[in-house]
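Take a look at the structure below.
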Amino acid sequence: MRRDITLISHRYASKREHQMRKISAVIIAALIAVTSASAFAHSGGTDSKGCHRNHKTGDYHCH
């Protein structure tokens, strides 16, 4: 009888562990998608040197 309880609890733990791994993977994928959204290139025009001025900050930089 004791062995049956152990097997049932082990099955429950592995099923729950599998579910938690799925949830963790979804959360990690969502975080990567949200944080990488800010890394997209802008469509601002560049001069003949491949540089441009950021009108909000006044910075001049090249790509």
Side-chain angles (χ1 to χ4, degrees):
M1 180 88 170
R2 181 77 176 147
R3 185 178 175 111
D4 293 339
I5 293 171
T6 304
L7 289 174
I8 291 169
S9 68
H10 178 68
R11 266 192 224 139
Y12 175 75
S14 63
K15 194 179 213 182
R16 185 172 180 187
E17 182 180 328
H18 181 70
Q19 184 179 16
M20 291 300 292
R21 286 182 188 218
K22 279 184 172 179
I23 291 170
S24 297
V26 169
I27 290 171
I28 290 169
L31 285 172
I32 290 171
V34 169
T35 57
S36 66
S38 64
F40 289 128
H42 54 80
S43 60
T46 57
D47 61 15
S48 62
K49 299 175 189 171
C51 305
H52 69 105
R53 183 168 306 282
N54 183 342
H55 296 288
K56 291 181 182 178
T57 63
D59 292 336
Y60 184 76
H61 65 275
C62 302
H63 294 268

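Side-chain atoms are counted along with the backbone in the values below, which use heavy atoms only and exclude waters and symmetry mates. The chain is numbered in sequence order, starting from 1.
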For S24, side-chain contact (heavy atoms from CB on, under 4.5 Å) partners two or more places apart: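 side-chain contact (heavy atoms from CB on, under 4.5 Å) check on S24 returns nothing, list empty.
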Listed partners of I28 passing side-chain contact (heavy atoms from CB on, under 4.5 Å), at least two apart: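 side-chain contact (heavy atoms from CB on, under 4.5 Å) list for I28, sorted by chain: I32.
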Nearest-0.5 Å distance that lies between atom NE2 in H61 and atom CG in N54: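 Answer for the NE2-CG pair, H61 versus N54, is 6.5 Å.
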Inter-residue atom distance T46.OG1 - R53.CZ, 0.5 Å rounding: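 One finds 14.0 Å between OG1 of T46 and CZ of R53.
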With H18, the side chain to side chain contact (heavy atoms under 4.5 Å, CB included) member among K15, R21, K22, M20: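 Single pass found, and it is K22.
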S48: partners by side chain to side chain donor-acceptor pair (under 3.5 Å), with sequence neighbours left out: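 S48: no side chain to side chain donor-acceptor pair (under 3.5 Å) contacts found.
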